[in-house]
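Step one of this worksheet: look at the structure below.
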Amino acid sequence: MIIRNYLEELNLEQREAVQTFDGPLLVLSGAGTGKTRVLTSRIAHLLYSGLTKPWNIMAVTFTNKAAREMKERVSKIIGPSADQVIMGTFHSIGANFLRQHSELVGLKSNFSIIDVDDQVTAIKQILKDSNLDEKLYPPRLFAKIINHWKDKGLVPEKITDSEKDRFENEFAKDVYIKYQSKLKSSNSADFGDLLLYPLIILKDNIDVLEKWKSKIKYILVDEYQDTNTVQYLWLRLVSQPENNICCVGDDDQSIYGWRGAEVKNILGFEKDFPKAKVIRLEQNYRSTGNILSSANSLIDNNNFRLGKNLWTKDNKGKKILLTGVYDSSEEAKYIVNMSQTLRGEGKLLSNICVLVRTISQTREIEEQFIKGCIPYKVVGAKFFERQEIRDAIAYLRLIVNNADDLAFQRIINTPRRGIGANSIQKIIDFSLSAKCSYFLSSIEQVKLNTLSLSSKKNLERFIFQINKWGTLIYDERPSDLLQLILKDSGYIDMWKKMETIESETRIDNLNELISGMSEFENIKEFLEHVSIMTNNDRINIDGEVSLMTLHASKGLEFDYVFLPGWEDGLFPSIRSVDEKGNIGLEEERRLAYVGITRAKKELYISYSANRRIHGLWMSSIPSRFINELPKENIIENLDQGLYLPTGDSEFNDNLNNKSHFLSRHKKIYNHANYNQETFKIKTRDKQMSRNFIIGERVFHQKFGMGNVINVNGENLEISFDNAGIKKVRSDFVLKK
DNA sequence: TTCAGTTTAGTTTTT
DNA sequence: CTAAACTGAA
């Protein structure tokens, strides 16, 4: 055992949180107050005190990355036995549990985990079978309702009439029932099931519950403010009666309400767990005084909060730089210029991050980073949602779980193998009447000779291939097997034949997937990993600027933080305010609070007068949140000088007034001429950069330096020094 | 059954 | 603006 004086490194409150072992404990831990340190020290202290064994402790984190980090930090104090502590996200722990007890809810242990897109596909089919018009009843809406019910722990039987008040909900309950049986027959579970099924199993099987209770003696929960009802019920169930449960969280950082998170879980902790002890951590070790008092003053505008005030021994530091720009591309350029300046001052790029409200904001910023030759990384880029990646994973899913109808449907004719809509419909119809999977149905169709000769031949070949690959699951390495599948199925060739830039990228992505798989021992482990991987699990902190959404930034910290797009409508998002009124606005404000408190040293907030939304240029006014920041902590960047001063009376009059949402589209001042000018400059800019000549030296963000060897309009063929020959669009390379 | 060309619908955040 | 859905011809 490695003995370290971990207790002495803690402040008074932290130490109390670490040493309070028995009974329910809530640690209200503000941003940057050392909550991870408390959690790790607590685990170490529990083990060090000899009270319990590692496998009797369960620590639930919000991301797998957080779990990994925690494990590392605990093992630094206590040694390798830290590995035996049960750590993971609710979803990964739930999935594990469900694999052990799957038969209790009618699943097999090799069930597939499906994502939102698969849900929508399944619901589409159900609507079709139920003769409900997709146009009238959008599948996405049903998916949302069903997920919402699952978050609340509602199985179909428990849906009461009061839940049906919305007109769709009457159908929704029916769709929900059919959806669940569809999933069951596909041997699949969605994200909600990973939490809901374990709860049901524990409730209905007293022996399983007792076994769990005798195993788990101490529970630690991170990010408690973002737990939903199911997670809450689950914690209540397994922690009773000793209630040795320690929840750490910050009500001001609750930003997942739209996903079913209930702030009331943390607000009502003392009521839910009688005799609970509450400890507040308010000393911040992360940010400067200016950053901290801005955050405090902003969040003070929220009504629904427990209330706390962060303080720091640190000095005031630099003021927050507030910048108004003309349009979003100016904003992107500004961020890149500032990053360049910081880099010039010797600051590491890995200490810089840009946090946006919506992921689409990253595109323009990326463009400028490429032009400015600054390495960057988009964290949580939707790699696993790309078509080619989903297709590849669907092949693996079908091989591991033949009953996975959603995977079957996705790839049965991808690449085209002569099995058209008619044949597929026959397969589906038969599976419905025979109550078997699509895959089994296909086998029957071949036997029964119901399809056209060519279809039959093609289907036979497909079945043969799936079976053949299935025999290799345990023999081949996952990466080798996928490579084999993509080659033999003709999937890679399908993209190769296209010879477009996009198809090249897709093949690159597939190769990236294959190489990423090499760290996994078996396919099942890999599939588990990809489906419940969290956003920032893939983060790497090399010499790159990080670009991500505010949501993805939870739990992270950076020296220099850019917060672009502080405009009313974008941030706070008009949708959340429209849909949920003040509740929605408060959540947006908490999101702003999370953003501000990520910064350790310097914070740059910016807003733009014009932004292109869904292809149309819109003008906008600065975010109301800007006025909630104390003037003494802020300095306005007058260099840019492209926007009206924030003291503008029209803007102030409209604050906190819903009508100003309506005036959102109103031009603040006429930019028409300027607009045209910039447009001209931009096109000229683009055209100039597009005249590439053979032999020219160029730079590409991903592939580095290279020489142009072929020019075909916008499409360039480049021989890169380190990455070989690639086809690239001219927008993505820079002249040297 | 396939493929190319055209129209339309949907765009906040994510396990 | 983009991806999915649709349409019609080969």
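Convention: sequence-line order gives letters A, B, ...; per-chain numbering from 1. Keep in mind it's a predicted model, so treat the numbers as computed, not measured.
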Once you round it to whole Å, what is the distance between [atom2] of [N] and [atom1] of [X]?
| X | N | atom1 | atom2 | result |
| --- | --- | --- | --- | --- |
| A:Q231 | B:dT15 | CD | C1' | 9 Å |
| A:W258 | B:dT13 | CH2 | C1' | 4 Å |
| A:L547 | B:dT13 | CG | P | 14 Å |
| A:R417 | B:dT2 | CZ | P | 11 Å |
| A:I574 | B:dT13 | CD1 | C1' | 16 Å |
| A:L527 | B:dT15 | CG | P | 17 Å |
| A:Q361 | B:dT11 | CD | P | 17 Å |
| A:K554 | B:dT14 | NZ | C1' | 11 Å |

Identify which nucleotide among [options] has an atom closest to any side-chain atom of [X], counting heavy atoms from C-beta outward.
| X | options | value |
| --- | --- | --- |
| A:R363 | C:dT2, B:dT15, B:dC3 | C:dT2 |
| A:S423 | B:dT15, B:dT13, B:dT1 | B:dT1 |
| A:Y256 | C:dC1, B:dT13, B:dT14 | B:dT14 |
| A:H551 | B:dT14, B:dT1, B:dT15 | B:dT14 |
| A:R140 | B:dC3, B:dT11, B:dT15 | B:dT11 |

Closer than 4.0 Å, any side-chain N/O of [X] to the OP1 or OP2 of [N]?
| X | N | value |
| --- | --- | --- |
| A:S360 | B:dT11 | no |
| A:S455 | B:dT1 | yes |
| A:S454 | B:dT1 | no |
| A:R357 | B:dT13 | no |
| A:K124 | C:dA5 | yes |
| A:N413 | B:dT1 | no |

Identify whether any heavy atom of A:E579 sits under 4.0 Å from a base atom; if not, whether one sits that close to sugar-phosphate; answer base, sugar-phosphate or nothing.
base
For A:D115, report the nucleic acid contact type (base, sugar-phosphate, nothing); a contact means any heavy atom under 4.0 Å.
nothing
Any donor-acceptor N/O pair, A:T362 side chain to A:S360 backbone, under 3.5 Å:
no
With distance as the sole test, does A:D251 use its side chain to make a donor-acceptor pair with the main-chain N or O of A:Q225 at under 3.5 Å?
no
Taking for A:P138 and for A:E385 the nucleotide of DNA chain B with the nearest heavy atom, the one nearer the 5' end belongs to A:P138
Charged N to carboxylate O below 4.0 Å: is that the case for A:K580 and A:E586?
no
Salt-bridge criterion met for A:R259 and A:D151 (N-O under 4.0 Å):
no
Candidate list A:D118, A:D391, A:D117, test side-chain hydrogen bond (donor to acceptor under 3.5 Å, both in side chains), partner A:R410, passing option
A:D391
Give a yes/no verdict on a cation-pi contact between A:R590 and A:Y593, requiring under 6.0 Å between NZ or CZ and the six-membered ring centre and an angle within 45° of the axis.
no
Using Watson-Crick geometry (N1-N3 plus N6-O4 or O6-N4) or G-U wobble (N1-O2, O6-N3), each under 3.5 Å, C:dA9 is paired with B:dT2
